[in-house]
Amino acid sequence: MSIKQNLNNIKSALPEHVTLVAVSKTKPVSDLMEAYNAGQRVFGENKIQEMVDKHHDMPKDVEWHMIGHVQSNKVKYMAPFVRLIHGVDNFKLLKEINKQAIKHERVIDCLLQIKIASEDSKFGMTPEEASEIIKSDTFSELKNIKVVGLMGMATFTEDENQVKKEFNYLKDTFENLKQINTHNHQLNTVSMGMSGDYLLAIKCGSTMVRVGSSIFGARSYQ
Ligand SMILES: *Cc1c(COP(=O)(O)O)cnc(C)c1O
C-alpha cells in the first residue's frame, strides 16, 4: 500500500482528540513529501541533525517533533524551529532548552519522558522525579519552556496485558501531575503508542501517537 493509503487508514481509526505524529526517521524526503501531500503536517524524528536537514528541505508549515533521546549540546541546532520535544528526561536538559529558547525569543514546548517499561534500555524519569522537578524553584524560573505533557515507551513485548499496565501507569501519572498548574507547567498531552500498540494506547488515554513503520514501511538501518 502507498504512504497515502497507510495514512488514511490510520487516520480513519483515530479519534479527533488524538494527534498523529508521522515518525519519518531514516526515510528520504520524497517519502515525507508523499505524506505531506496527503495532508500530514506533524513529523517526528529521533536524530537532531537529520531533523535539521529535513526541516531545511521540507515546506515550512511542517511541525517538527523531536522524539528521540536528546543530548544537551545539540539542542541549539533545533531550537529555532522545533515544535515539541518528547524525550526530556532530566532537569539539566530543561535548562539547556530554556537557554536556547531565550536566544530565539521563543517558548519551546516539552514532554517529560517517564520510564514506564521494565526494560533497562529505555530512558525516562520516575513520577517522583518529575514531580520534584516541577515543584522546584529553579523550574519556575524557566520562562522559555513549557511542559505540556508526558511521554512514555512501553516494553517491547507481545504481552498486551503488560503494555496495557504500562500505558495505564503513564495515564495515572499524567492525571496526578496535571493537578500542578503553573506558568510553565500545563499538561494536556499524553504521548504514547507506536505502530504496534497505538490503538491500545488510545484506549488507555493517549492523546498523541507516534507512528512510523505503519505509515512509511519497515526501516532499514545500514
Ligand atoms: C521509532 C520510534 C517510533 C515509531 O516506531 P514504529 O514502530 O515504527 O511506529 C515511536 N516513538 C519513538 C520514540 C521512536 O523512536
Side-chain angles (χ1 to χ4, degrees), residues 1-14 18-28 31-32 34-35 38 40-52 54 62-71 74-75 78 82-90 93 109-125 148-160 162-164 166-167 169-171 174 189-222:
M1 260 195 293
S2 72
I3 289 170
K4 180 179 179 169
Q5 283 170 321
N6 290 338
L7 258 177
N8 287 340
N9 287 344
I10 292 166
K11 280 199 290 200
S12 66
L14 294 187
V18 176
T19 302
L20 173 63
V21 180
V23 176
S24 47
K25 60 193 186 193
T26 78
K27 296 296 178 181
D31 284 7
L32 278 71
E34 223 178 301
Q40 183 65 24
R41 290 296 179 272
V42 184
F43 291 83
E45 291 284 335
N46 72 336
K47 293 208 167 69
I48 292 175
Q49 189 55 54
E50 186 173 341
M51 187 172 77
V52 167
K54 286 173 174 171
V62 167
E63 250 188 54
W64 293 99
H65 289 206
M66 174 42 58
I67 62 166
H69 185 66
V70 177
Q71 288 170 278
K74 293 192 178 153
V75 172
M78 65 175 165
V82 66
R83 177 67 71 89
L84 182 64
I85 303 175
H86 289 235
V88 178
D89 64 353
N90 66 78
L93 182 56
D109 287 349
C110 299
L111 307 180
L112 298 181
Q113 183 169 0
I114 305 292
K115 184 171 168 19
I116 61 173
S118 54
E119 293 159 288
D120 281 342
S121 57
K122 303 267 159 82
F123 294 101
M125 49 178 111
V148 298
L150 304 180
M151 180 269 218
M153 286 176 84
T155 305
F156 189 69
T157 172
E158 299 281 301
D159 182 354
E160 197 169 291
Q162 162 129 16
V163 174
K164 194 173 160 193
E166 294 172 0
F167 284 156
Y169 178 70
L170 188 63
K171 179 63 161 51
F174 171 80
T189 300
V190 185
S191 167
M192 61 184 187
M194 314 183 5
S195 289
D197 55 20
Y198 69 90
L199 290 174
L200 178 61
I202 291 167
K203 278 192 204 138
C204 297
S206 172
T207 69
M208 188 173 274
V209 293
R210 310 176 307 269
V211 180
S213 42
S214 289
I215 298 172
F216 297 105
R219 288 176 292 274
S220 64
Y221 295 94
Q222 286 93 353

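Whatever order the structure lists ligands and atoms in, that order sets their numbers, starting from 1. No experiment lies behind these values; they were computed from the predicted model shown.
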**Asked** So which of Ser24, Gly44, Ser195 gets nearest to atom 9 (O) of ligand 1, if we judge by its closest heavy atom?
**Response** Ser195

**Message:** Could you check whether any side-chain heavy atom of His69 comes within less than 4.5 Å of a side-chain heavy atom of Gln113, counting everything from C-beta outward?
**Reply:** no

**Asked** Can an N or O of Lys25 be found at a distance shorter than 3.5 Å from an N or O of ligand 1?
**Response** yes

**Asked** Which of these passes salt bridge (charged side-chain N to carboxylate O under 4.0 Å, His left out) with Glu45: Arg210, Lys25, Lys54?
**Response** Lys54

**Message:** For Val82 versus Met66, what's the shortest heavy-atom pair and its separation?
**Reply:** CG2-N, 4.1 Å

**Message:** Whether the Thr155 and Glu166 side chains hold a donor-acceptor pair (N or O, under 3.5 Å, no angle test) is what I'd like checked.
**Reply:** yes

**Message:** Looking at ligand 1, is there an atom of it that comes within less than 4.0 Å of some heavy atom belonging to Arg219?
**Reply:** yes

**Message:** I need the atoms of ligand 1 closer than 4.0 Å to a non-hydrogen atom of Met153, numbered in the order shown.
**Reply:** 13 (C)

**Message:** Counting C-beta onward and ignoring hydrogens, is there a side-chain heavy-atom pair between Leu7 and Gln5 closer than 4.5 Å?
**Reply:** no

**Request:** Flag the pair Phe216 / Ser24 as yes when at least one side-chain heavy-atom distance between them is below 4.5 Å, and no otherwise.
**Result:** yes

**Prompt:** Does CZ in Arg219 sit with more than 12 non-hydrogen atoms of other residues, nucleotides or ligands closer than 6.0 Å?
**Reply:** yes

**Request:** Output the list of atoms in ligand 1 that are nearer than 4.0 Å to some heavy atom of Gly212, sorted by atom number.
**Result:** 4 (C), 6 (P), 8 (O), 9 (O)

**Request:** Specify the protein heavy atom at minimum distance from atom 5 (O) of ligand 1: its residue, its atom name, and the distance to 0.1 Å.
**Result:** Met194 CE, 3.5 Å

**Request:** Please work out which of Asp197, Ile67, Val209 has its closest non-hydrogen atom nearest to atom 12 (C) of ligand 1.
**Result:** Ile67

**Message:** I want to know if ligand 1 touches Asn46 in the polar sense, i.e. an N/O pair below 3.5 angstrom.
**Reply:** no

**Fill in**
ligand 1 to Arg210, heavy atom cutoff 4.0 Å, flagged ligand atoms 4 (C), 9 (O), 10 (C), 11 (N), 12 (C), 13 (C)

**Complete:** Counting from 1 in the order shown, the ligand 1 atoms closer than 4.0 Å to a non-hydrogen atom of Val211 are 9 (O)

**ligand 1 versus His86: contacting region, heavy-atom distance under 4.0 Å** = neither

**Lys/Arg-Asp/Glu bridge criterion (N-O < 4.0 Å) met for Glu160, Lys164** = no

